[in-house]
Protein chains: 2
Amino acid sequence: MATTRSARAQRLENVALELFASQGFDETTVDELAVAGGVGRRTFFRYFPTKLDVVLGELDDGLAALVAALAGERGDDPVAAARAAFLAINHYAAAELPALRRRLGLIEDVPELAARATVRYRDWESALATDAARRWGEDPASLRAQVFGRAVVAAMRAVFSAWHARPEADADALGALVDEAFDALSRGFASP
Amino acid sequence: MATTRSARAQRLENVALELFASQGFDETTVDELAVAGGVGRRTFFRYFPTKLDVVLGELDDGLAALVAALAGERGDDPVAAARAAFLAINHYAAAELPALRRRLGLIEDVPELAARATVRYRDWESALATDAARRWGEDPASLRAQVFGRAVVAAMRAVFSAWHARPEADADALGALVDEAFDALSRGFASP
DNA sequence: CTGGCGGTGGCACCGAGTGCCGCTTAGCGT
DNA sequence: ACGCTAAGCGGCACTCGGTGCCACCGCCAG
């Protein structure tokens, strides 16, 4: 977040998402991305370590933000803290939503992207587990904390998936889904 | 599980896991795997669509087993059904544990394997969501059901991770961890 | 003017994965 | 026993993602 990524990276990203949308992810080679971005192939890989990271790039700025947001939350209920942190992080301007939608669409139906995304989430999971353990006064390695961390991320994936599935859902709808998902986690899945 | 995979595939798999353990996953090329298995490189790819699948191969026999086990469970509590189904599926003989351990170890610390594994789990997630929706009498697309499916898989990942972290844990320990994880899901994460 | 220095990108290389095709071999009918 | 067919095998060549190396260009400092 420190410095805005160079304008060039931004342009590369836009052009790439454009091509992915029109041709498909697998059908677009890095060579095409490079020429379309007016840059050498070698240089492309200096901006993005992987073709996948063009799509996922911004997502992991989120980790630092998540940790910060969690640190700012008081109270001893990790679910409430996590919910608040996520709502704080995922506050998108209306203009950003179409781009978000495109990204989510790609992530959903290009398996390799989904895979890479979940690897990124591992850090989120452990950050959430650590936070929960702290609030509970438990060992962060405790199974419950670990399950919590992973379950929260799982819930967020479900939220994004559901949001993406409703074509006209807006930012408020996203918030509502987050609430619903966290309620489920909080209450547990026993009985009704 | 239906027909035992050809003896050749089995041998290939053993040799490969051996090499992975001694040299590391990334440091072992498919060429090496092929020669070590006494087979052409091209043939290797007929047995395993991907180098990754050598490690993950058996895991997705599990899907069919999971679905079958879920279908066999009665009652309207999806957590109980899922727990029972998982315990039924993950009933390993003592002799299998070392191999399981090696696999889990690879999956844990080769990010690409972890990624691929989670993609495989998507089918599990949706199977679990569908099952839960049926027992609750809800729409399988409902957010709660989706969260449930993903959370259960998340819990299982935590279980395997915790089990793998304790060097001398046996099959009973695995069962205990499963119980603990499912209890957490059932009760929810509110308060202590 | 000159000597670093960071960004660039060409080139060559590696490894995974795929299509094609010729070969072996096992199985079959006659 | 003989030939034919079909399936599995594996070599070859190719694509594409990703990396190391290095030569080049522009910039600022001395």
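Predicted model, so just to flag it, every value in this text is computed and none were measured. In the text below, chain A, chain B and the rest are named by the order of the sequence lines, each starting its count at 1.
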Stepwise side chain to side chain donor-acceptor pair (under 3.5 Å) test for B:S142 and B:E138:
CA-CA 7 Å; B:S142 79; B:E138 281 180 13; 2.9 Å; yes
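Partner of A:R103 under the side chain to side chain contact (heavy atoms under 4.5 Å, CB included) criterion, chosen from A:L56, A:L17, A:L113: A:L17.
Note on A:Y47: a side-chain N or O is less than 4.0 Å away from OP1 or OP2 of C:dT8.
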Nucleotides 11-18 of chain D: which of its N/O atoms have a protein N/O under 3.5 Å away?
unit_1	atom_1	unit_2	atom_2	d
D:dG17	OP1	A:K51	NZ	3.1
D:dG17	OP2	A:V30	N	3.1
D:dG17	N7	A:R41	NH2	3.4
D:dG18	OP2	A:K51	N	2.8
D:dG18	N7	A:R41	NH2	2.3
D:dG18	O6	A:R41	NH2	3.0

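Between A:S161 and B:Q146 there is no side-chain heavy-atom pair separated by less than 4.5 Å. A:T118 places none of its side-chain heavy atoms less than 4.5 Å from the side chain of A:V153.
Spacing between atom CZ of B:F44 and atom P of D:dG10 amounts to 13 Å, rounded to whole angstrom units. Nucleotide C:dG17 holds its C1' atom 11 Å from the CD atom of A:E112, rounded to whole Å. Between the CD atom of B:E32 and the C1' atom of C:dC14 there is a distance of 13 Å, rounded to whole Å. B:L19 places its CG atom 16 Å from the C1' atom of C:dG15, with the value rounded to the nearest Å. Here the P atom of nucleotide C:dG9 and the CG atom of A:L33 are 15 Å apart, to the nearest Å.
With hydrogens and angles left out, the side-chain atoms of A:N90 and A:Y92 include a donor and acceptor closer than 3.5 Å.
Applying the ring-ring contact (aromatic ring centres under 6.0 Å, His included) test to pairs two or more places apart or on separate chains, those with a residue in residues 145-174 of chain A are A:W136-A:F148, A:F148-B:F189.
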